[in-house]
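Keep in mind the model is a prediction, meaning the values are calculated, not measured.
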Amino acid sequence: MENESFVVTIRSDESSTSVEVSVGTKAFELFKERSEVIAARIDGELRDLSHLLTGGEVIEPITISSRDGLNILRHSTAHVLAQAVQELFPAAKLGIGPPIEDGFYYDFDVETPFVPEDLEKLETKMRQIIKRNQRFSRRVVADEDAYGQFKNEPYKMELIGLKGSSSQVGEGADMEVGGSELTVYDNIERDGSVAWYDLCRGPHLPTTNRIPAFKLMRTAAAYWRGDQHNKQLQRVYGTAWPTKEELATHLDRIEQAELRDHRRLGRELDLYSFPDEIGSGLAIFHPKGGVIKRVMEDYVRQRHIEEGFLYVGTPHVTKEELFHTSGHLPYYSETMFPPMEFEGSKYRVKPMNCPMHNLIYKSRARSYRELPLRFFEFGSIYRNEKSGVIHGLTRVRGMTQDDSHSYVTPEQAGEEVTHLLNFVLSLLSDFGLNDYYLEMSTRDDSKKDKFIGTDEDWRTAESVLAKIAEDSGLTLVADPGGAAFYGPKISVQARDAIGRTWQMSTIQYDFNQPARFGLEYQAADGTRKQPVMIHSAKFGSIERFMGVLVEHYAGAFPPWLAPVQVQGIPVADRHVDYLYEIARTLTKSGIRIEIDESDDRMQKKIRNAQLAKVPYMMIVGDQDIEANAVSIRYRDGRQENSIPIAEAISMIQRAIDAREQV
RNA sequence: GCCCGGGUAGCUCAGUGGCAGAGCAGCUCACUCGUAAUGAGCAGGUCAGGGGUUCAAAUCCCCUCUCGGGCUCCA
C-alpha cells in the first residue's frame, strides 16, 4: 500500500491551517482530540465525521454546541426515538423527524395514540439504544432500491416520490429527502448488525452514545405534511442538549415561563377570568384588570387624538346586508357568529368595524380638503374562532380593537401608512415593548377565490406597503397568503418575554371597500374620486395586548400601569390614620393607593404586597411618623427609609408620569 | 374543527367501587408586632353537567360542556 498523502485546509472562525493527511483519511481523524466536534462542514456542505477525504477540501469543524451541532444532536436523538418506537411498537409507521427550536419531534402512524406512560417507556428504550452505542452510517441509494427498502413505510415511500420538489414536501421533510441524492442512515450495532435504518439526508452524530442529555416532552397529533385533509399522525416532542446541565437549565426556563403565563397571573393577580357561564373565549375584567384596561385605553385614545384621529362610535350589531356590501359575507362568514332573526331582518354581531366607519364617511359628501380623514374607536367585535384555538386573552372570541380607518387620496396613501407605522412603533415603545419584527402579508395568487379585487390593485397595494416596511429598517418577514380578503397588511409581531410571538398591530391597505361602498370625494378639479382606506389597529386587540403585557412584565407592571401603585403598610394599628392622611393627597393626584388595615402581622402584609407585585410599599411606623416621613420598599427588596412625605409623593408621581419601570 | 390528556372547596392539589380530604385564601376570636406566612376556632362540595352499570360510583361506561398541549386555522 502506497503511503500517498495530500493537503486539506482546516478552517475555524479566526484561522485556517493546512494539514497533510494520508489517503483514506476520514474527517474524524482531524479532530480526534476534540470530542466536542461531532460533524464537519466540508467545502460548504455539512458532512458526517466519517466522510472520506480526497484532498483539497476546506473543512470546518462543527461543535455540538453550535447551531448546526445542536440541530445534528437533536436530529440524531429523533432517530433514536424512532428506533425506540419501532422496537416497542413494531406496527408504527414513520413520518418525519426534524430538529426544531430547542428540540426535535418525530411523527408516527400508530394504531393507538401514545399516552404519557409511553413516553417513560420510550425514554428507557432510548437510553438502552444510546448505551448500545450504535454507529450512524450513511449510504447513498438509488430510487428503485429505496422503494424496495421502504416498502413497509408508506410515508417514506411518499417522500421518495416527492424528492427534488422539496417545496411541496412540507415543513420539516427536507431532513429526509432534501439533498440531491437519496441517502439512508443505518444504525449499526457494535457487532456489525444493522439495528435500524431511516431515510435521511443527515448528517448525524458519529454514534448514539454521543447524545449527552435528552428528554421526551409531550405527545400531540399532527396532520401528515401539515394538511388537515390528511391523516393525523402521533407526534412525540423531545429535547436534547450537549450537557445534563444545559438540559436542566432548559427545563428550568420552561418552568419559569409557566410562572409568567398570563392566564395564571390573571388568576393570581385577580385581573380577569373566563367563566364557563359566559362562554369560551370571552373574558371578564375584574377591578384590577379593569384598571390596566382603562389606563391602556385612556392613553391610546389620547395619543390617537394627538395624531389627528377623530373619535367615533358604532354599534355591536347590524343587519347583515352591510356585510354583503363590505364583502365579509361570504368571504369571512365562517369566522362570523351566526345571524339573529329580528323584525324580519337578519342581524349579525360585527367581526370588524370598517363597514360602520365607511357609513360615517358616507354620511355626507366629502371634499379632498378633508383628507386624510381618520376615524378611530374602541370597537367591540366578535369572531367565531374555532374551539381548539381559544387561548387565554391572546386568542378570544370577543375583543376590542383600537381600530382606525384613514381615508386618503391614492397619492396620500404611502405617507399615511408611514405615519401609522411610526405611530404604532411609538406606542409599543411607550408600553415598554421593544422586541418585535414586521410581517408583510400578501395575497396567495393560487387561491384567488379567497381574495377580492383586481391583480393590478393588489400589486399597487402590496408595493406601497412593502416599500414602507422595507424602509423602516426593521426585520421584515414575508407571510404569503396571509392578507385580509380585501387587501394586504403589515403587522407587528411582538415577542413576549418568553419568546413567543403574537400578531399585534396591523396596517392594511384597502382599495376594495371604498369601491364596494361607493365612497368618493370631490377632487380639486371638480371630479369625483374614490379614496383608499387604510385600516389600522395599534394594540391589535386590547385583550391580546394586555395578555402580552402581563407576560412581558411577569405581572410586575411599571407604576403607570399597575392596578395598585402604592400599598400602604402600617407597622401597627396606630399608624393607620397617618397612612390615610397621606392617601388623601395621593388619591387627589390620581395615584392608586390601598392601605392594608387587616390584622395580619406587618411581615405578612409585606409578603402579600410582594405577591401582588405592587411597585411601591409605603411602610409607616413610629420612626416614620416622628420624622414626618414614610419608608418605601420596592419589589426587589430595596428600601429607602424615612423619606419626607412630599418627596416620596413627587418621586412616585415622577415615575408614573415618565412611564418608568421601578 | 381534529388527536390526546384533564375537570374534586375561591386557588393548588390528594383521594382506583364502600362516611368527601389537606394546605393556602375566607370568616370569628386573641395578639398590635419594623421588613416574604402569629396562633386558635369556624365555615366552605350536586366531585363540570346529563345518562348508564352496580347492593353501593368522585372512582367503571356513554353523551355534552369546558380547560390544557399540539395540529389545522388565524381578519
Listed nucleotide nearest any side-chain atom of A:D599, set B:C71, B:A30, B:G34: B:A30
Residues that A:S273 engages under side chain to side chain donor-acceptor pair (under 3.5 Å), provided they are two or more places apart: A:H286
Quick one: label A:R601 by what it contacts on the DNA or RNA (base, sugar-phosphate, nothing), any heavy atom closer than 4.0 Å. base
Checking contacts here: which listed nucleotide (B:G70, B:A36, B:G5) is nearest the side-chain heavy atoms of A:V115? B:G5
For B:U28 versus B:A36, give the span between their P atoms, rounded off to a whole number of Å. 27 Å
Any N or O donor-acceptor pair linking the side chain of A:D624 to the base of B:G34 at under 3.5 Å? yes
Does the pair A:D444/A:K450 count as a salt bridge with the N-to-O cut at 4.0 Å? no
Tell me, please, which residues at least two apart from A:R218 pass side chain to side chain donor-acceptor pair (under 3.5 Å). none
Going by number, which of residues 636-643 of chain A have a non-hydrogen atom under 4.0 Å from RNA chain B? A:Q639, A:N641
Out of B:C71, B:U35, B:G34, which has the shortest distance to the side chain of A:Q623? B:G34
Regarding A:T506, tell me which of base, sugar-phosphate or nothing describes its non-hydrogen contacts under 4.0 Å with the strands shown. nothing
Kindly say whether the aromatic ring centers of A:F309 and A:F423 come within a distance under 6.0 Å. yes
Take atom P in B:U12 and the same atom in B:G68, then report the distance between them in whole Å. 12 Å
If you find the nucleotide of RNA chain B closest to A:Y486 and the one closest to A:Q232, which residue's nucleotide is nearer the 5' end? A:Q232
Please lay out, stage by stage, how A:T335 and A:N384 fare under the test side-chain hydrogen bond (donor to acceptor under 3.5 Å, both in side chains). CA-CA 5 Å; A:T335 315; A:N384 177 21; over 6 Å; no
Assess, by modelled atom type and distance only, whether the side chains of A:S404 and A:K538 contain a donor and an acceptor separated by less than 3.5 Å. yes
Pairwise C1' distance for B:G45 and B:G10, with rounding to whole Å: 12 Å
Using a heavy-atom cut-off of 4.0 Å across all strands, would you classify A:D600 as base, sugar-phosphate, or nothing? nothing
